[in-house]
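See below for the structure under consideration.
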Amino acid sequence: MASRNSGSDRFEYLQNLVTEFQDTDSEEAKEQVLANLANFAYDPQNMEDLMRLQVTELFLDMLTEENENFVEFGIGGLCNMSMERQARDEILLSGGVDLVKNCLSSRRDETVLSAITTLMNLTTASSRSQTTDEAVVQCMVRLSLSENPRMRNLATVFLEDYCPDQQVQRAREASQGQPQTALGIPLPKD
């Protein structure tokens, strides 16, 4: 009985957070709620409730905002949620791959790192052509040269584990002597 109450209490708490986000005009309050929701998305126990409350769509909507904190918390939440198959499928069906790819050009390292990890989580046999298209691979080649070791290592893992060797080789050859941009995906500015 206690676990049933705890589950309904959790749903009610998450529902209150979503309502607070929708009702408040304060950007600071919205940022705090998004940060909390992103943290709750890390726990698989919350996934069903978050899906029911359409938090995946809320996070996707944040990726087009001007407020960089909204984008960072939105992609962080998607990164956490995309580990679960149901959320991954919803992100893919919602056309979320393009929104996630746009985050690769953020000036914020955490946003870019979450975008890379989210692309990894979203990669399936049927979505691979979207998550590892030419622009993404070229961007990852450039990020694999980053001075930031976390960025460099994660981009390298993406290239080694998610992309065919020939595609990576073509991207490396195309990038030699080119400015630090990738077809439609500029790199983060230092």
Side-chain angles (χ1 to χ4, degrees), residues 1-128 130-131 136 150-151 153-154 157-158 161-162 188:
M1 187 94 157
S3 66
R4 190 176 298 168
N5 284 342
S6 125
S8 64
D9 290 346
R10 182 174 41 249
F11 177 79
E12 188 176 320
Y13 181 77
L14 294 170
Q15 187 172 39
N16 287 337
L17 282 175
V18 171
T19 301
E20 180 181 348
F21 180 86
Q22 294 167 337
D23 290 348
T24 188
D25 292 327
S26 164
E27 286 217 352
E28 187 176 324
K30 286 183 183 250
E31 289 173 4
Q32 185 65 47
V33 169
L34 282 172
N36 285 332
L37 287 170
N39 285 333
F40 279 109
Y42 190 73
D43 185 347
Q45 278 190 311
N46 298 322
M47 198 58 56
E48 184 178 326
D49 293 337
L50 292 170
M51 297 290 293
R52 213 166 114 201
L53 293 167
Q54 299 178 329
V55 173
T56 309
E57 291 300 319
L58 175 67
F59 287 150
L60 284 168
D61 288 345
M62 293 303 101
L63 302 187
T64 60
E65 291 290 326
E66 293 293 320
N67 181 320
E68 290 183 0
N69 288 332
F70 285 6
V71 176
E72 182 176 331
F73 297 139
I75 191 65
L78 286 173
C79 182
N80 290 338
M81 290 187 79
S82 64
M83 292 185 284
E84 294 290 326
R85 182 183 188 135
Q86 183 182 358
R88 180 197 68 205
D89 292 346
E90 183 175 327
I91 295 165
L92 291 170
L93 289 173
S94 298
V97 172
D98 288 334
L99 295 171
V100 172
K101 289 192 299 192
N102 288 339
C103 292
L104 293 172
S105 64
S106 173
R107 292 178 290 181
R108 293 186 170 191
D109 287 353
E110 291 305 318
T111 299
V112 176
L113 291 165
S114 290
I116 296 169
T117 305
T118 303
L119 286 172
M120 290 174 167
N121 293 339
L122 293 177
T123 301
T124 66
S126 60
S127 68
R128 185 173 302 277
Q130 290 179 285
T131 59
V136 170
R150 291 170 59 214
M151 189 85 66
N153 292 340
L154 194 56
V157 167
F158 186 93
D161 291 356
Y162 293 85

So, taking the atom named CG in Leu14 and the one named CG in Leu37, what distance separates them when rounded to the nearest 0.5 Å? 7.0 Å
State the OG1-CG distance between Thr131 and Asp98, to the nearest 0.5 angstrom. 11.0 Å
With no hydrogens and no angle check, do the side chains of Arg88 and Asn121 hold a donor and an acceptor under 3.5 Å apart? no
How close do Gly74 and Met62 get, counting heavy atoms only, and between which atoms? CA-CB, 4.1 Å
Should the heavy atoms of other residues, nucleotides or ligands under 6.0 Å from CZ of Arg85 be counted, would the total exceed 12? no
Keeping Ser127 on the side-chain end and Gln130 on the backbone end, is there a donor-acceptor pair under 3.5 Å? no
Is it the case that the side chain of Ser106 and the backbone of Arg108 share a donor-acceptor pair, with hydrogens and angles ignored and the cut-off at 3.5 Å? yes
Does a side chain donor of either Glu72 or Ser114 reach within less than 3.5 Å of an acceptor in the other side chain? no
Please confirm whether Arg52 makes a cation-pi placement over Phe11, using NZ or CZ under 6.0 Å from the six-membered ring centre and within 45° of the ring normal. yes
To the nearest 0.5 Å, how far apart are CD in Glu12 and CG in Asp49? 11.5 Å
Taking all atoms of both residues into account, what is the closest heavy-atom pair of Ser82 and Leu122, and its distance? CB-CD2, 4.1 Å
Which is it for Arg150 and Glu110 under the salt bridge (Lys or Arg N to Asp or Glu O under 4.0 Å) test, yes or no, and what are the steps along the way? CA-CA 10 Å; Arg150 291 170 59 214; Glu110 291 305 318; 2.8 Å; yes
Is a donor on one side and an acceptor on the other found under 3.5 Å between the side chain of Asn46 and the backbone of Ala41? no
To the closest 0.5 Å, what do you measure between CD (Gln54) and CG (Asp61)? 10.0 Å
Here the pair of heavy atoms bringing Leu60 nearest to Leu99 is O-CD1, 3.8 Å
Taking Thr24 for the side chain and Phe21 for the main chain, is one N or O donor matched with an acceptor at less than 3.5 Å? no
Under 3.5 Å, is there a donor-acceptor pair between the side chain of Thr111 and the main chain of Cys103? no
With a 3.5 Å cut-off and no angle check, do the side chains of Thr124 and Ser126 form a donor-acceptor pair? yes
Worked verdict on Phe59 versus Phe73 for ring-ring contact (aromatic ring centres under 6.0 Å, His included): CA-CA 8 Å; Phe59 287 150; Phe73 297 139; 9.6 Å; no
Distance (rounded to the nearest 0.5 Å) between Leu58 CG and Leu34 CG: 5.5 Å
